[in-house]
Structures are given as structure tokens and as C-alpha cells.
Amino acid sequence: MSARNTTIRDRHRAIIAKSEPPCALCGEPIDYTLPHLDPTAFVVDHIVPLKHGGLDVLANKQAAHRACNRAKSDRLDGGPVLRVSPMFR
């Protein structure tokens, strides 16, 4: 596996964040102003995890909350967060 390019990573992150989509995993809005370590902050999720052969390309990336992305981990089925996350109730 080759090393991921941080310039491309940052470019993809900016493209996704520009339209401020909701979390692709729980469906709730994302506050794009939160610090990166906040559980509800914006992160980029690989739809098909790299571990399972997913590519590090824009078409395989989506917006997610940090906590939702962590819960999904490297599962192909989306993990336990395909419903509204209890942290938002």
C-alpha cells in the first residue's frame, strides 16, 4: 500500500466541507467550526475502507462526525451508526 498524499487529503477535505453536508453515517448536521478533536467535529470517512480495497479518491469519501466515523471503524456495512446517533437526541 502506498503512502497517502496529505495535499490531496486536504484538498478532498476542503471540497467535501465546502457544501457542509450532514453526517453520511447518522444523518445529523455537522458543525464545521468545531475543533478537530470534538466528537461531533467534521472528519472524512472512506465509504469503502482502505483496508477492504477502497481507494483514497474523492468518490470514496464522505462527511462524518468524528464519533460516527470511529464507531463505523473499518466495517463495510457502515457499522452501528446508520441510524440517528444517540449523542444528538
Side-chain angles (χ1 to χ4, degrees):
M1 179 186 299
S2 63
R4 296 190 324 195
N5 183 311
T6 57
T7 302
I8 293 172
R9 178 201 64 197
D10 293 345
R11 186 177 305 137
H12 288 175
R13 180 176 165 76
I15 291 168
I16 293 168
K18 187 175 182 178
S19 63
E20 296 189 359
C23 177
L25 301 173
C26 75
E28 293 296 317
I30 297 172
D31 182 345
Y32 286 83
T33 65
L34 292 173
H36 73 279
L37 292 178
D38 188 290
T40 59
F42 163 65
V43 297
V44 173
D45 170 57
H46 286 92
I47 299 165
V48 177
L50 300 176
K51 176 181 176 179
H52 295 289
L55 300 175
D56 197 30
V57 296
L58 185 58
N60 189 40
K61 295 178 180 181
Q62 60 190 358
H65 293 111
R66 175 172 293 284
C68 294
N69 192 32
R70 299 263 329 219
K72 176 189 171 199
S73 187
D74 61 0
R75 293 179 183 89
L76 285 172
D77 68 357
V81 292
L82 290 178
R83 64 204 175 288
V84 175
S85 175
M87 77 173 82
F88 299 108
R89 291 187 184 153

So how far is it from [X] [atom1] to [Y] [atom2], rounded to the nearest 0.5 Å?
| X | Y | atom1 | atom2 | result |
| --- | --- | --- | --- | --- |
| Cys23 | Lys72 | SG | NZ | 10.0 Å |
| His46 | Asn60 | NE2 | CG | 6.0 Å |
| Lys18 | Arg13 | NZ | CZ | 16.0 Å |

Worksheet item: Does some side-chain heavy atom of Arg75 sit less than 4.5 Å from a side-chain heavy atom of His52?
Response: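 No; the side chains remain at least 4.5 Å from each other.
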Worksheet entry | Residue pair Ile15 / Leu58, side-chain heavy-atom distance below 4.5 Å | yes
Item to complete: Would you mind checking if Asp45 and Lys61 are paired as a salt bridge, meaning a charged N to carboxylate O distance below 4.0 Å?
Response: no
Group every Ile, Leu, Val, Met, Phe, Trp and Tyr by side-chain heavy-atom contacts under 4.5 Å, then state whether [X] and [Y] land in the same group.
| X | Y | result |
| --- | --- | --- |
| Leu55 | Val43 | no |
| Ile8 | Val48 | no |
| Ile47 | Val44 | no |
| Ile16 | Ile30 | yes |

Is [X] reaching over with its side chain to a backbone N or O of [Y], donor-acceptor style, under 3.5 angstrom?
| X | Y | value |
| --- | --- | --- |
| Tyr32 | Ala41 | no |
| His65 | Phe42 | no |
| His12 | Asp56 | no |

Discussion item. Run the side chain to side chain contact (heavy atoms under 4.5 Å, CB included) test on Gln62 and Leu25 for me, step by step, so that the C-alpha distance in whole Å, both residues' side-chain angles and the decisive distance to 0.1 Å come before the verdict.
Written reply: CA-CA 9 Å; Gln62 60 190 358; Leu25 301 173; 3.8 Å; yes
